[in-house]
Amino acid sequence: FFAAVTEPTMKLRTALLLAAIHAPSVAGLRPLRGDNPANDNDVGAMTTKQWLLQRVLGFDELKLRESLKKSIGFGGRSLLSSSSSAERLAEALDGQRHRNLNLVSASDPCVSETNNWPKTLASGNAPCGYSETYTRTEVKDTVDTILSATIDGPGCLADTVASGSVGGYGDCGVPDTCDAAGDGSDCCICGFCVFGFLCIVPVCENQCYENSLQGDVDTLVKHGVEVRKLCASCEEEMNNPGYNSTSIDAAGVCNENAYAYDANVSGLFVLPRDDTEGTIIPGTMPSTVWIHTTVVDTCSIPSAFRVDAANPGAADVNALIPFMLGAGGSAAFSIDGVGFGNSYNYYKGYVTKKQYQMATMPLWIKAKRLVAQETGCASQIGNEVTISGYSEGGYAAIAVAEAMEGAGAAITKALAGAGPLKLASAMLTTGYEDFVNGVFPASRRYYLAQLGQSYSSTYDGIDNNGQGQDLLSDTWQVGGINLTKQEVIDITTDVLPGGAGPLNDITPISAGGLTNSATLDMWNQGFVELVKYAFDNGIAKPCDDPSIDPASYGVDKLCEAFVANDLTEYIKSIGTKYPYQFCHSPEDEVIGVENVLEGNDPAFVNFYNPVSGDHDGAGLLCIQDFVLFHISPEYVAVTANPTGDYCPAVTPNPTTAPTPSPTGSGSFLEDFWNWLGGLFGSN
């Protein structure tokens with residue numbers, strides 16, 4: 001039988017099938033990525049594929065995550081600078097631009113960008129409406145090249161594997177020379193061992209992607225795509241004669257008095273395309289919104305579209321995700337954010353609900369209008385939408401879901417990973433604890449500057465705006481240099497050399513590490529004292545506890561701002577209105593898991609999907625789950641319906657989100673039986 005199996009992948013699948021015959025039952029085991037058995041929305045048991053990859057092939061997920069972290073950065077570029085801290089700080093102070101409340105007079109900072117829009121642009125800032133098209137084959141080749149370059153290589157297989165049916169490097173007849181060719185082709189473990197010395201199927205380090213995610217990517221990528229840079233403003237869409245609020249009413253977010261109401265926000269927009277017809281796929285499609293992880297540079301944004309098979313190491317995960325999901329049959333978005341990309345002359349918001357709502361709603365509404373108009377209503381975007389994000393994006397996903405729900409959208413699911421959801425409680429107290437204990441990574445202390453400028457009279461409409469209770473201190477020192485609130489606001493807002501380096505440089509830290517109290521000198525000291533008192537006395541909610549009066553610390557308005565942007569009460573109100581999930585690691589050193597688990601609230605813990613690893617490592621698992629949700633039965637069952645917003649006289653036949661893959665099911669066992677049937681005939 002084995003003699004008839006010559007293709008390497010089929011050999012592997014055959015070996016896996018034989019191994020599965022002798023494998024113990026896996027029902028009831030904890031799933032590989034920590035799905036919560038108590039949650040009816042989760043599988044509740046490790047799949048056979050997961051069990052085999054972990055137990056039979058010996059895939060080491062911790063090593064896989066480390067390999068991924070080295071290759072794909074969450075922001076698409078390094079957060080480090082080669083220049084010294086003093087040089088960067090001097091550059092930042094010399095280049096500051098003071099902002100008035102809304103706008104500044106400044107030139108586009110992204111005109112010198114490179115490695116973007118690889119097919120046609122390569123450098124410069126793409127204008128709004130810029131687009132490129134990719135066939136399904138091109139999408140698949142691009143994704144495969146980037147992910148295989150990221151995953152394959154040293155460390156993607158376990159260094160040691162238990163003796164027995166599985167051999168490690170050099171065991172079970174596998175040569176103990178490793179990577180002599182330099183491509184991982186001979187650095188292998190044994191996928192299936194017979195008699196303890198005969199390896200039937202070796203699995204090598206240049207095959208990790210092929211034997212882990214490639215089948216799922218095959219299933220997801222079904223179409224070619226049109227990739228666009230989309231720009232829109234609330235002002236534009238609310239005043240557009242074609243706007244019809246019969247099914248979507250965005251007035252609650254797009255309020256003319258809201259900050260950035262007239263901002264021309266940008267983002268990446270990917271539409272599924274019919275390769276044969278050369279047009280957007282017909283019918284009504286659902287949409288999916290990905291909200292990026294924390295970025296610093298004004299131009300390190302999804303709409304720069306850094307997705308290039310010729311340069312896989314520079315791929316931006318925040319652009320790669322919508323590229324894949326658009327090819328899956330959904331209208332896919334990845335927002336740049338207010339203050340980024342084309343709205344560079346606005347303040348950057350950080351963990352403020354309006355930032356993400358104002359950056360998303362205009363793009364989504366305009367996309368619905370454009371698709372209907374450009375296709376003569378042959379294609380439409382329905383109100384069905386999935387929203388996901390990690391870290392800052394995890395917070396943003398729920399904030400955007402709140403706006404989408406209020407506007408009348410039909411939320412398919414909200415998937416939030418490691419977000420500071422409990423901004424006014426767990427995020428403050430556990431954050432303070434992590435600083436005191438030196439757990440919080442010093443390399444990320446720039447978060448203090450980002451959060452400080454967002455709550456320092458920059459965003460109109462926030463409760464403490466102009467109330468003399470800003471989060472940033474008026475002045476403090478770093479290395480003998482006096483810094484002021486306005487200087488930090490300018491530095492945070494401007495595009496800077498060195499990514500996060502200049503922000504770290506303006507954030508105090510002693511040689512002894514974060515535990516030195518000077519680290520928090522840049523924040524309002526009354527607020528710091530309030531949080532410290534709450535932490536020392538075991539009070540979970542510093543800003544909302546009857547035993548503490550924030551006014552006595554001079555921060556009552558600042559506390560009101562934090563409470564207003566806390567997502568706890570909204571999450572409690574979701575109930576059964578739409579499904580949601582929180583992906584978070586108990587080992588997270590940046591955003592504590594208490595943002596989900598504090599108080600053992602059923603609205604949180606019943607929808608908790610625990611994963612392992614630090615903030616970045618867990619993020620890769622959460623993001624993988626978010627992407628693969630789009631090939632799950634839950635998503636496949638979604639039917640997008642015409643809305644009547646822009647095509648009241650035309651009602652195209654609704655289409656289901658995904659359609660069957662032309663190349664495979666994604667299930668290796670099903671693929672195996674299909675192959676076996678073809679080998680021996682249909683009878």
Side-chain angles (χ1 to χ4, degrees), residues 73 75-83 87-88 90-100 102-132 226-233 236 260 262-270 292 294-308 310-311 313-320 322-323 333-349 355 358-359 362-363 366 450 489-503:
R77 60 174 59 180
S78 173
L79 294 181
L80 302 176
S81 170
S82 58
S83 59
E87 289 171 343
R88 290 198 304 265
E91 289 172 356
L93 291 173
D94 288 343
Q96 64 182 332
R97 294 195 302 269
H98 289 275
R99 262 94 180 133
N100 293 320
N102 288 326
L103 296 168
V104 294
S105 175
S107 59
D108 183 350
C110 304
V111 293
S112 60
E113 289 300 293
T114 58
N115 298 322
N116 51 344
W117 294 92
K119 266 194 169 185
T120 56
L121 188 65
S123 64
N125 185 20
C128 296
Y130 197 84
S131 67
E132 292 180 349
E226 178 182 333
V227 185
R228 297 188 190 183
K229 177 177 179 177
L230 184 64
C231 303
S233 71
E236 174 191 10
D262 55 350
N264 193 36
V265 296
S266 52
L268 194 67
F269 176 41
V270 184
H292 62 68
T294 299
V295 295
V296 176
D297 190 335
T298 303
C299 305
S300 291
I301 46 177
S303 72
F305 191 51
R306 294 183 174 94
V307 177
D308 186 0
N311 191 9
D316 181 3
V317 67
N318 295 307
L320 183 65
F323 186 63
F333 300 80
S334 187
I335 66 169
D336 291 344
V338 175
F340 295 88
N342 274 55
S343 59
Y344 61 87
N345 48 6
Y346 286 75
Y347 292 119
K348 293 181 176 76
Q355 148 71 279
M358 297 296 285
L363 294 177
K366 183 171 183 176
Q450 289 181 304
I489 290 172
D490 292 335
I491 293 170
T492 305
T493 306
D494 282 349
V495 59
L496 298 169
L503 297 187

*Looking only at heavy atoms, what is the nearest atom pair of A263 and S343, with distance?*
CB-CB, 4.3 Å
*L268 and P322: which non-hydrogen atoms are nearest, and at how many Å?*
CD2-CG, 3.9 Å
*For S334, enumerate each residue passing the side chain to side chain donor-acceptor pair (under 3.5 Å) test, keeping only those at least two apart in sequence or located in another chain.*
none
*asked:* For the SG atom of C299 and the OH atom of Y344, what is their distance to the nearest 0.5 Å?
replied: 10.0 Å
_So, using side-chain contact (heavy atoms from CB on, under 4.5 Å) as the criterion, who are the partners of A304 when residues are at least two apart?_
N116, I301, R306
*Can you tell me if Q355 uses its side chain to pair, donor with acceptor, with the backbone of V338 under 3.5 Å?*
yes
*To the nearest 0.5 Å, tell me how far F333 CZ sits from R228 CZ.*
10.0 Å
*side-chain contact (heavy atoms from CB on, under 4.5 Å) with A126: which residues, sequence neighbours excluded?*
W117, L121, Y130, K229
*Quick one: salt bridge (Lys or Arg N to Asp or Glu O under 4.0 Å) pairs with a partner in residues 114-129, sequence neighbours left out?*
K119-E138
_For the student: nearest non-hydrogen atoms of L363 and V265, plus distance_ = CD2-O, 3.7 Å
*Using the test side chain to side chain donor-acceptor pair (under 3.5 Å), find all partners of S266 that sit at least two apart in sequence or belong to another chain.*
D336
_Would you compute the distance between atom CD1 of I335 and atom CG of N318 and round it to the nearest 0.5 angstrom?_
10.0 Å
*Say whether Y346 and N264, considering side chains only, have a donor N or O and an acceptor N or O under 3.5 Å apart.*
no
*Below 4.5 Å, heavy atoms only, C-beta onward: do C128 and N342 meet side chain to side chain?*
yes
_If we ignore hydrogens and angles and just use 3.5 Å, is the side chain of K366 paired with the main-chain N or O of C231 as donor and acceptor?_
yes
*Where is the tightest heavy-atom contact between V296 and K348, given as atom of each residue plus distance?*
O-CE, 3.6 Å
*asked:* For E132, give me all partners under salt bridge (charged side-chain N to carboxylate O under 4.0 Å, His left out), at least two apart in sequence or on another chain.
replied: none
